[in-house]
Number of protein chains: 2
Amino acid sequence: MAHHAVMSTQGPYLAEIAHLMGDPARANMLHALMDGRALTAKELAWIAGIAPQTASGHLAKLMQGGLIHVAAQGRHRYYRLAGPEVATALEGLMVLANLDGTSRRLPSRVGAELSQARTCYDHFAGRLGIGIHDALMAGGHLAASEGGYALTASGKAIFRALGLDPDATARIRRAALRPCLDWSERRPHLAGHLAAALACRCFEMDWVRRRKDSRAVILTDEGRGVLEAALPGFRCDAPEPVSPALREREPALA
Amino acid sequence: MAHHAVMSTQGPYLAEIAHLMGDPARANMLHALMDGRALTAKELAWIAGIAPQTASGHLAKLMQGGLIHVAAQGRHRYYRLAGPEVATALEGLMVLANLDGTSRRLPSRVGAELSQARTCYDHFAGRLGIGIHDALMAGGHLAASEGGYALTASGKAIFRALGLDPDATARIRRAALRPCLDWSERRPHLAGHLAAALACRCFEMDWVRRRKDSRAVILTDEGRGVLEAALPGFRCDAPEPVSPALREREPALA
DNA sequence: GGAACGCTACGGCGCCGGCCGTAGCATCGG
DNA sequence: CCGATGCTACGGCCGGCGCCGTAGCGTTCC
């Protein structure tokens, strides 16, 4: 009986966290919160397809598990992920969910938009995020640094040209930039607070626009121009038009 | 009803994977497999503290979920993690398990050994892994590369001095080296196939020795000498002796 | 060839936990 | 001040699943 206590020092805690994520309703809520925004209990209930009472219970459990935080504001309670580590852990699971049963993931209209460009907690992912990563990498604007990347002098110049101060948050211990495996493309994009600042700037200047009810985002024509000008070698393919076969399968989204 | 189908394209799959990891018995098994070795069903049953029949059922589920692979050999069936992505996902959860309830993790003798030096799937973690990471980083032996780090010329020389060929696996697309957040120290150590090759070499030369029934490993005196000679700036503190308070709490392990 | 061993398949028990209905508390609007 | 709204607390229902006992198949050893 005392035997396995030795091996299982971590196991139970791991199970506790995984169990919280392992319920479909809770997983849907967490997935919806992965764009870093805060949502109300009612919105989350609707997303998960359950009654508000049930959602309330789930949210209480997620709170107790430390996966989300709440901010009461008037008669609304806004829930958001507790931190980037939670998003990272969820991404790790999504990588598995995408590769396990070989081709269980049927491509869909929504899936195509998410693969093209989306937010990953507080930074860009999908082909947009990968395009930024690859352009910076190919141009030699990234250097190895404690736990990730740092910007070289030329990289800093690019960020300044985009209206950001790459040294403003230099004292933060956490890596300014680090690779983050993209679950849809299976290639790295950039995370870290500089990536978050870039995303924030892009929304502010309307270079990238959020979609309603989805983590997918859209690179505006202006944004494409700005990024191509500031970032030599930047490419971000436009999403392919919906194929006839797909339109067949999801007529509502055609 | 059709509403939430939009948001939940990923949720259910995520929940499926998380649910598999969310059972204490399965979590213990996965945790035990995180050192990359293959274990038999009976060993895993013992580790999880359940009957072999029950373990068999759990293993079947983990198989179907694509989290583990099996290799039949004689009358034994050896189970191992399906790949490094699984270990990565589990690490992501362990980071959360370690930080959520502020100080829920009581330090233990076993915990101290794991924090000192352990394997993380196929490479070193704990202070040993971090020491290697930091020494390479501080010495300027790492350069930014597609999805992680690459070795500079001086870094390659160090690997050659340790008896490894850093270019042997250069054609592999996956990053040779990449940072991996350490759940116990909350700082990055090195993952990737070069890190795995280094760990393999260390075991082969008895620079590092495995412990029985634990993912913890021990840096031998010879290994310490070799690493300090080859890697200027390498430090790896010896584990602190067990404190009286701790010996009080776990007399069996004193 | 027989016995021991490793593992899996099946069946039944028991409980955990997700679900919603009702009810109660705070906040906002008129 | 009263109704509407957002949210949570409690209670009862019930399905899912983790657990082991028994049984059956394949492998190994003497």
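Just so it is clear, the structure is predicted and the values come from calculations on it, not from any experiment. Proteins come first, then strands; the chains are lettered A, B, ... in the order of their sequence lines, and each starts at number 1.
Remark: B:Arg75, B:His76, B:Arg77 in residues 68-78 of chain B come within less than 4.0 Å of DNA chain C through at least one heavy atom.
Going from atom CG of B:Leu20 over to atom C1' of D:dG18 covers 14 Å, rounded to whole Å. When the C1' atom of D:dG21 is taken as reference, atom CD1 of B:Ile50 falls 15 Å away, rounded to whole Å. For the pair A:Met21 CE and C:dG18 P, the interatomic distance rounds to 15 Å; values are reported in whole Å. Between the CD atom of B:Gln53 and the C1' atom of C:dC10 there is a distance of 11 Å, given to the nearest Å. Rounded to an integer number of Å, the gap from CE of B:Met63 to C1' of C:dT8 is 13 Å. At whole-Å resolution of the value, CG in A:Asp23 and C1' in C:dC19 are 10 Å apart. Summarising the geometry, the separation between CE on B:Met29 and P on D:dG18 is reported as 11 Å, rounded to the nearest angstrom. Atom-to-atom, CD of B:Glu16 to C1' of D:dC17 comes out at 15 Å; the value is rounded to the nearest Å.
The side chain of A:His19 lies closest to C:dG18, out of C:dC20, D:dC19, C:dG18. Here the nucleotide nearest the side chain of A:Ala25, chosen from C:dC19, D:dG18, D:dT8, is C:dC19. Of the candidate nucleotides D:dC20, C:dG18, D:dC19, C:dG18 has the atom nearest to the side chain of A:Arg26. Here the side chain of B:Pro52 is nearest to one of D:dT8, C:dG6, C:dT8, namely C:dT8.
Taking the C1' atoms of five terminal pairs at each end of the helix from C:dG1-D:dC30 to C:dG30-D:dC1, the two resulting helix axes are inclined by 30°, rounded to 10°.
Residue order along DNA chain C, read from the 5' end via each residue's closest nucleotide, puts B:Glu43 first among A:Lys61 and B:Glu43.
Of the possible polar contacts, one joining the B:Thr220 side chain to the B:Asp206 backbone as a donor-acceptor pair under 3.5 Å is found.
For B:Tyr79 and C:dG6, the shortest distance from a side-chain N or O to OP1 or OP2 is not below 4.0 Å. Between A:Thr54 and C:dC19 there is no side-chain N or O to OP1 or OP2 distance below 4.0 Å.
For the side-chain contact (heavy atoms from CB on, under 4.5 Å) test, residues two or more places apart in sequence or in another chain that qualify with B:Asp35 are B:Arg37, B:Thr119, B:Arg210, B:Arg215.
Inter-residue side-chain proximity for B:His189 and B:Cys120 is flagged as met; some heavy-atom pair is nearer than 4.5 Å. Contact check for A:Met63 versus A:Val70: side-chain heavy atoms found under the 4.5 Å cut-off.
Closest approach of A:Ala197 and A:Leu164 over heavy atoms only: O-CD2, 3.7 Å.
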Side chain to side chain contact (heavy atoms under 4.5 Å, CB included) for A:Leu30 and A:Met34? Distances and angles first, verdict last. CA-CA 6 Å; A:Leu30 291 171; A:Met34 276 187 71; 5.7 Å; no

With side chain to side chain contact (heavy atoms under 4.5 Å, CB included) as the test, would you mind laying out the steps for B:Phe124 and B:Val208 before giving the verdict? CA-CA 10 Å; B:Phe124 292 136; B:Val208 175; 3.9 Å; yes

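A side-chain donor-acceptor contact under 3.5 Å links B:Thr40 and B:Glu43. In the model, A:Ser184 has a side-chain atom that pairs as donor or acceptor with a side-chain atom of A:Arg118 under 3.5 Å.
Checking B:Val86, B:Leu62, B:Leu44 one by one against B:Ile68, the side-chain contact (heavy atoms from CB on, under 4.5 Å) holds for a single residue, B:Leu62.
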